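Here the structure is laid out as structure tokens; the discussion comes afterwards.
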Amino acid sequence: MPEFNFLILYVDNPPNSAAFYSDLLGIPVIEQSPTFAMLPLREGVMLGLWSRHTVEPAAAGAAGSVETAFAVSDVGEVERLHGDWKARGLRIIQEPTRMDFGTTFVALDPDGHRLRVFVPQDAG
């Protein structure tokens with residue numbers, strides 16, 4: 001089976017999006033050009049930010065059609081990140097909510113991509 005190692009989001013301005021994710025997640029930008037930027041999410045997995053205006057073949061999907069999810073250790077961390085991201089000015093489209101899989105909230109990045117933070121139900 002091929003190894004998953006890249007998540008690519010199509011964005012309007014890769015340098016601006018790279019600065020946003022670098023600040024939000026506390027990770028460095030390791031590659032950047034006017035049309036592409038890359039950040040390490042974890043060992044062996046990268047976040048690519050590619051200009052929606054130059055991606056080939058052209059992409060037809062809209063931002064917000066998929067989610068990037070971040071699991072955290074407990075409900076307190078969900079609440080802490082919610083407050084932090086809200087204070088940073090991220091648009092929150094779902095306040096902290098208890099769902100069948102655990103407690104979660106959803107924010108949008110500057111391009112409208114959905115960012116879900118959750119604690120799995122078993123983690124408490």
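All values derive from a computational prediction rather than experimental measurement.
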Taken to the nearest 0.5 Å, the spacing of Tyr21 OH from Thr68 OG1 works out to 5.5 Å
Assigning hydrophobic clusters by single linkage (Ile, Leu, Val, Met, Phe, Trp, Tyr; side-chain heavy-atom cutoff under 4.5 Å), is Leu90 placed with Leu25? yes
Is the side chain of Asp111 donor-acceptor paired with the backbone N or O of His113 at a distance under 3.5 Å, no angle test? no
Shared hydrophobic cluster, Trp50 / Leu39 (ILVMFWY, side-chain heavy atoms < 4.5 Å): no
Contacts under 3.5 angstrom, residues 4-15 side chains, donor-acceptor by atom type, not counting sequence neighbours:
residue, atom, partner, partner atom, Å
Asp12, OD1, Arg52, NE, 3.0
Asp12, OD1, His53, NE2, 3.1
Asn13, OD1, Asn16, N, 3.0

Summary of salt bridge (charged side-chain N to carboxylate O under 4.0 Å, His left out) pairs that have at least one residue in residues 13-30, sequence neighbours excluded: Asp23-Arg88
Pairs under 3.5 angstrom only: tabulate donor-acceptor contacts from the side chains of residues 28-37 to other protein residues two or more places apart or in another chain.
residue, atom, partner, partner atom, Å
Ser33, OG, Thr35, N, 3.3
Ser33, OG, Phe36, N, 3.2
Ser33, OG, Phe36, O, 3.4

Mind jotting down which residue pairs meet the salt bridge (charged side-chain N to carboxylate O under 4.0 Å, His left out) criterion with at least one end in residues 37-46? Sequence neighbours excluded, please. none
Is the closest side-chain heavy-atom distance between Leu47 and Ile27 below 4.5 Å? no
Quick one, Glu79 and His82 - any side-chain contact, counting heavy atoms below 4.5 Å? no
Rounded to the nearest 0.5 Å, what's the gap from CG on Leu81 to CZ on Phe70? Could you check? 10.0 Å
If you look only at distance, which donor and acceptor atoms sit under 3.5 Å apart when one is on a side chain in residues 96-108 and the other is two or more places apart or in another chain?
residue, atom, partner, partner atom, Å
Thr97, OG1, Glu95, O, 2.6
Thr104, OG1, Arg116, NH1, 3.0
Thr104, OG1, Val117, O, 2.8

Quick one: do Asp109 and Ser17 satisfy side chain to side chain contact (heavy atoms under 4.5 Å, CB included)? Show the steps, please. CA-CA 8 Å; Asp109 79 0; Ser17 292; 5.7 Å; no
Quick one: do Ile92 and Val72 end up in the same hydrophobic cluster if we chain Ile, Leu, Val, Met, Phe, Trp and Tyr together by side-chain heavy atoms under 4.5 Å apart? yes
